[in-house]
There are 2 protein chains.
Amino acid sequence: MFSFTEENYLKSIVQLTVFEEGVDEVGVNRLAVYLDVKPATVTDMVKKLKAKGLINYQRYGKVSLTEEGRLIGLRVVRKHRLWETFLHDKLKFNWDQIHEIAEQLEHVNSSELTNRLDAFLGFPEFDPHGDAIPRADGSITMPYRKLLNEAVPDQLYRIIAVSDNSNEFLRLFDEMGLNINDEVQMLVRNDYDGLLHILFNGKERTISPKFAENIYVVCAKCGKAKACNCN
Amino acid sequence: MFSFTEENYLKSIVQLTVFEEGVDEVGVNRLAVYLDVKPATVTDMVKKLKAKGLINYQRYGKVSLTEEGRLIGLRVVRKHRLWETFLHDKLKFNWDQIHEIAEQLEHVNSSELTNRLDAFLGFPEFDPHGDAIPRADGSITMPYRKLLNEAVPDQLYRIIAVSDNSNEFLRLFDEMGLNINDEVQMLVRNDYDGLLHILFNGKERTISPKFAENIYVVCAKCGKAKACNCN
DNA sequence: TCGCAGCGTTAGATTGATCTAACAAAAGCC
DNA sequence: GGCTTTTGTTAGATCAATCTAACGCTGCGA
Ligand SMILES: [Mn+2]
Ligand SMILES: [Mn+2]
Ligand SMILES: [Mn+2]
Ligand SMILES: [Mn+2]
C-alpha cells in the first residue's frame, strides 16, 4: 500500500506533531533533521504525500497531517510499539536493543498480524519505554506525565518512560541502575548550570538537564504529573 | 547488508537448487518465472550477485551458489520458516495464511532476533508445512520423504509436508479435511489419466496427480519414505 | 550440419529515493 | 525598511530495480 519511505515520513510527522504537545505542524528542515535526509529530499516527498492526500502542505509552508495521513502514521507507530513490547516481554530483549529491530518490523503490512500480536501480548497500553500504543482505530491514551527536568523540588516521582531511544542514552540509563517504574526524589535544581540533584535508591545523584529531559515521570503518590496536589 | 531484492534472488536460487534433488544450477529464464520478473531483469541482477561473489555465473551460462551465497540464501529460508512457525504456533494463524506474511518478515535483519525467536519456538526442526528449517550454521536435516504422487499402492503413509504454498492449493487441502500428520492409504493409481484413489479417514477419495504431487509423505510405519521395507 | 526455437543479453527508458549546488522566499534584527 | 540569516525550492545527477524491444547464442531435431 505505502512504501517504507512513505510510512517513515508519516510516522515522523506523527511523532513531531501528534506526540508533541501543542504542535500540529512541522517544517521541512525539522523533518529533514529528524529523518536524516537533506531538505531537498523532504520537499520532493511532501509534494508526493500531498498529492496522495496524506498531508496538508503548500510551497514554503509547514506540513500537517490529514485525517488519513494521521491514521496511517499512527498505524506505523502502533506496529512499532507492539513489536517492541513483543521483543521485550516475549523474547526477553533488553529494552535498549528493541528500538532498532522494531524499526524494521514496523513496516510489515498485515492488519491481521498486528491485531493477533496485540492479543498475544494481552492488549498492552504502553510499550517498554512507557510510550502509549495507539489502538487499531487510531485512539491513544496519552499518559499524564512530565519531564524529570521540570520536576518540582522535594517531590517524589515515578519514572514511567524515556523519550530518547539512542543506545548512548539507554546505556547510561541502565548504568545508573535506573528502571521504568523506579521512584526518584527530586531534591534541588541548580539555577546556574541546570544540574539536578536527585535521590535514588538511597543515594544522592547529580544528573544533567540533557539527561533529565529525556525521562518522563509521574507523581509517585497520585500518579498524576500535572496539577498534582500531593505535597 | 543485502537488499530485499538480493535476498529474494538468493533465496530463490537456494529453493531451485539446494532444495531440489539432483540440481545445483538454474537458468535465467527459470529464475525469471520463479521471481515473476522479466529475464532481462534477472540478467542484470545475476551480474551484480556475481560481482559480489555470491553466485557463479558467466554469460549464457547457468547460475549456481558460492559458499557465501548459499549461506545467505539459507539464512533467509531459515528466517522465513521460523516466522511461519511463530505465526502458526503462537499467533494461531491457519497454515495457509502464514506464507505471505513470512515473505515480509524473512527480510528483518538481526541474527540476535532470529536466534531468540528460534529459542522461543523451542528450536523447531520443521515448519508448519513440514519443510526443514535450516540451522544458524546453514546445516539442514533433509526429511526422508516422497511425493504422494509416487506412492506405492496399498501402502499406508503419513503426510508430513506440502510443496505448494498458494492459497488455492492450501484451501483445497483444508477443504478435503487433510492435515499434516494425517495418515492416508494409497489404493490404486489409474494409469490412463494418473488419478489416484486414496483411503482417508475411512472414506475413499479420488485426487488428481497435480494435487498429489504437492503432498509429501513418509511411510506410516517406519517413517522412511524411500527404501522402506514395511509391506 | 544447418536452421530455428528457445534461451539469454543489450540498449535505452522509467520510477522512486536520494544527493549537491545554486537559488528564492520568509523571518528576524537593527 | 532594508540587510542578513534561516528556511525551503529547483535543477540536474546518481543508484537500484524494473521494463520493452531488439538482437545474439546454443543446442536439438531433421
Ligand atoms: Mn521505519
Ligand atoms: Mn518505544
Ligand atoms: Mn522475500
Ligand atoms: Mn513453509
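In what follows, chains carry the letters A, B, and so on, assigned in the order in which the sequence lines appear, proteins first and then strands, with residues in each chain numbered from 1. Worth saying up front: this structure is predicted, and the values here are computed from it rather than measured.
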Looking at A:R135 and A:D118, is there a salt bridge between them, counting it only when a charged N and a carboxylate O are closer than 4.0 Å?
no

Minimum-distance nucleotide to B:A40 side chain [options: D:dA21, C:dC19, C:dC7]
D:dA21

From the set D:dG8, C:dT18, D:dC19, return the single nucleotide nearest to any side-chain atom of B:V37.
D:dC19

At under 4.0 Å between heavy atoms, what does B:G27 touch on the DNA or RNA strands: base, sugar-phosphate, or nothing?
sugar-phosphate

Scan side-chain atoms only and decide if A:H107 and A:N8 contain a donor-acceptor pair under the 3.5 Å cut-off.
yes

Please state how far atom CG in A:D36 lies from atom C1' in C:dT18, giving the value in whole angstrom units.
12 Å

Roughly, in whole Å, what's the span from NZ in A:K47 to C1' in C:dG16?
15 Å

B:M45 has an atom CE; how far is it from atom P of C:dT9, in whole Å?
15 Å

Side-chain contact check for A:T41: nearest option of D:dT18, C:dT9, C:dC19 is C:dC19

What's the closest nucleotide to the A:N29 side chain, out of C:dT9, D:dG8, D:dT18?
D:dG8

By nearest heavy atom, map A:R59 and A:D44 onto DNA chain C; which one lands nearer the 5' end?
A:D44

Rounded distance in Å - CD1 (B:I55) to P (C:dG8):
13 Å

Looking for any heavy atom pair under 4.0 Å, which part of the strands does A:T43 touch: base, sugar-phosphate only, or nothing?
base

Side chain of A:Y60 only, heavy atoms from C-beta on: which candidate in C:dT9, C:dT18, C:dA26 is closest?
C:dA26

Taking every non-hydrogen atom, the tightest pair across A:K92 and B:R116:
O-NH1, 2.8 Å

Check the distance between D:dT7's C1' and A:R30's CZ and give it to me in whole angstrom.
14 Å

Check every atom of C:dG8, D:dT20, D:dT9 against the side chain of B:K38 and return the nucleotide holding the closest atom.
D:dT20

For B:D24 and B:T17, test the side chains for any donor-to-acceptor distance below 3.5 angstrom and give the result as yes or no.
no

Roughly how many Å is it from CD in A:E7 to P in C:dG16, rounded to a whole number?
16 Å

